Amino acid sequence: MTPTLAASALRVPHSRIRELAEIAMSMDGVLKLYFGESNLPTPEYIKRAAQKAMADGYTFYTENAGLPSLRKSLARYYQELHGVELDPASEIVITASGVQALNVGIRCVIDPGDEGLVLTPAWPNGAANVAMANGTPIEVPHPLIGDRYQIDFAALEAAVTPRTRMLLYTSPSNPLGWVATVDEQRRLLEFARRHKLWLIADEVYERLNYTGAKPTTPVPTILKLATRDDAVIVVQSFSKMYCMTGWRLGWLVARRDLAARATQLNEFIVSHAPSFGQRAAETALLWGENTMCEMLVRLKENRDFCLAALAKMPGITVPKPDGAFYLFPKIAGATDSFDFCKRLLMETKVGLAPGVAFGAGGEGSVRICYAAERNILEEAMARLAMFLK
Ligand SMILES: Cc1ncc(COP(=O)(O)O)c(C=O)c1O
């Protein structure tokens with residue numbers, strides 16, 4: 001008998017965004033709006049900082065929790081941006097991406113057979129990581145009520161069982177663009193405390209906020225409400241805010257015992273994030289505000305352009321998102337969003353992500369990432385309108 005693959009590995013679902021993307025990648029001239037990344041390259045000053053770091057000898061192993069200097073820079077970032085005090089030595093862990101922060105954080109709280117609540121529609125990697133830790137993701141719908149997505153606290157209460165260990169939410173949300181209010185965060189924290197759950201807040205889009213006083217005003221962080229003894233994990237990343245998706249750099253902030261354990265597990269997963277990238281990330285934190293501001297002004301214009309274009313199309317309902325860089329329109333009559341996206345791709349070369357990829361409540365919608373150049377968005381909206389007709 002040939003050895004078989006572990007059932008636990010086979011249970012992990014594949015990403016339906018990737019499935020669509022793989023078809024698109026085999027074609028020429030596709031307008032790619034399916035992945036969650038900006039078309040902007042990493043700013044030059046960050047690239048130069050990485051080159052300098054390499055020349056300066058940042059080519060060796062670092063601490064499992066990341067360079068102490070980068071953790072100090074992040075503590076300063078939280079202090080300046082949110083007025084939150086963190087101990088860089090014990091509460092911040094640098095990871096090789098946001099998804100790795102999610103992976104190690106979830107690995108620290110889920111035992112085989114445990115359950116993890118995930119507000120959905122959501123980026124699929126959270127639920128997949130619960131499955132990878134041999135747990136069971138339980139999707140709790142995050143419904144659209146009127147023109148705003150609202151947390152269904154009654155559904156959350158009903159989903160708790162003796163095996164429930166965590167609740168994951170994402171604000172700003174991918175794919176909804178929903179932003180948790182301070183009051184919603186307070187209720188989530190109270191819910192987690194009462195049921196003795198870990199509250200995992202994915203805040204990778206925190207700077208992509210269209211409702212702040214300034215373009216770079218962040219959305220509220222859960223760290224502002226939580227005490228340092230609360231069972232809270234914040235997942236973060238340099239990918240979206242600094243156009244560094246390919247660098248694989250992120251971090252997590254957590255209660256000391258979890259941060260220490262995540263640091264220890266990191267040794268066996270990736271050991272640490274790349275040394276020169278970590279050094280360049282310090283430069284990004286120091287000098288990134290101006291380029292981020294320019295990007296946000298452009299993103300807001302893109303959002304408004306796409307919203308206006310979608311409003312003219314038949315059978316489309318789309319709430320106005322407050323954050324991130326996605327629109328998640330519902331398409332009347334589209335009962336199989338993967339099939340819809342595949343046909344759209346084949347017939348018009350517009351690549352969107354199927355709503356079904358985002359779990360319960362996502363079917364019937366598509367996700368449009370509007371962090372592309374304006375001429376690409378214009379062409380994509382024109383072709384989508386034609387297709388829908
Ligand atoms: C909600 C959410 N969290 C985390 C990530 C992870 O980003 P990265 O692994 O590039 O840091 C993404 C990327 O799409 C995301 O959408």
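Predicted, not measured: the structure shown is a model, and the values here were computed from it. Computed over heavy atoms, backbone and side chain alike; hydrogens, waters and symmetry mates excluded. Throughout, residue positions are numbered sequentially from 1 according to the sequence presented. Note that ligands are numbered from 1 as they come in the structure, with each ligand's atoms numbered from 1 the same way.
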Checklist entry - Numbering the atoms of ligand 1 from 1, which are under 4.0 Å from a heavy atom of Asn174? => result 1 (C), 15 (C), 16 (O)

Next on the checklist: I want to know if ligand 1 touches Leu249 in the polar sense, i.e. an N/O pair below 3.5 angstrom.
Outcome noted: no

Checklist entry - Going by an N to O cut-off under 4.0 Å, is there a salt bridge joining Arg279 and Glu282? => result yes

Next on the checklist: I'd like to check whether Thr170 has a polar contact with ligand 1, where a contact means an N/O of the residue lying under 3.5 Å from an N/O of the ligand.
Outcome noted: no

Checklist outcome for this item: Among non-hydrogen protein atoms, atom 14 (O) of ligand 1 lies closest to Lys240 NZ, 2.6 Å

Checklist entry - Is Arg383 paired with Glu378 through a side-chain N to carboxylate O contact shorter than 4.0 Å? => result no

Checklist entry - Which ligand 1 atoms does Ser239 reach within 4.0 Å, using its non-hydrogen atoms? => result 8 (P), 10 (O), 11 (O)

Checklist outcome for this item: Near Ser97 (heavy-atom distance under 4.0 Å), the atoms of ligand 1 are 9 (O), 11 (O)

Item to check | Contact (N/O only, under 3.5 Å) between Val204 and ligand 1 | outcome: no

Checklist entry - Could an N or O of ligand 1 be found under 3.5 Å from any N or O of Thr245, whether backbone or side chain? => result no

Item to check | Stacked cation flag Arg367 on Phe358, 6.0 angstrom / 45 deg | outcome: no

Item to check | Atoms of ligand 1, numbered as shown, that sit under 4.0 Å from any heavy atom of Ser237 | outcome: 8 (P), 11 (O)

Checklist entry - Where the closest heavy atom to atom 6 (C) of ligand 1 is concerned, which of Trp251, Trp123, Phe238 has it? => result Trp123

Checklist entry - Strictly under 6.0 Å, is that where the ring centroids of Phe325 and Tyr205 end up? => result yes

Checklist outcome for this item: What one should report as the nearest heavy-atom pair of Tyr370 and Leu299 is CE1-O, 3.3 Å

Checklist entry - Would you call Arg343 and Asp339 a salt bridge, using N to O less than 4.0 angstrom? => result yes

Item to check | is_close_aromatic(Phe387, Phe340), centroid dist under 6.0 Å | outcome: yes

Checklist entry - Among side-chain atoms of Thr161 and Glu115, is any donor-acceptor pair under 3.5 angstrom? => result yes

Checklist entry - Heavy atom under 4.0 Å from ligand 1: found in Gln100's side chain, backbone, both, or neither? => result neither

Item to check | Per-atom contacts, ligand 1 versus Gly98 - under 4.0 Å to a heavy atom | outcome: 8 (P), 9 (O), 11 (O)

Checklist entry - Which residue owns the protein heavy atom closest to atom 3 (N) of ligand 1, what's the atom, and how far is it? => result Asp202 OD2, 2.5 Å

Item to check | Tyr242 ring center within less than 6.0 Å of Trp247 ring center | outcome: no

Checklist entry - Looking only at distance, does Tyr326 have an N or O less than 3.5 Å from an N or O of ligand 1? => result no

Checklist entry - Checking side-chain hydrogen bond (donor to acceptor under 3.5 Å, both in side chains) against Glu190, which of Arg194, Arg193, Arg187 comes through? => result Arg194

Item to check | Arg248, portion touching ligand 1 at heavy-atom distance under 4.0 Å | outcome: side chain

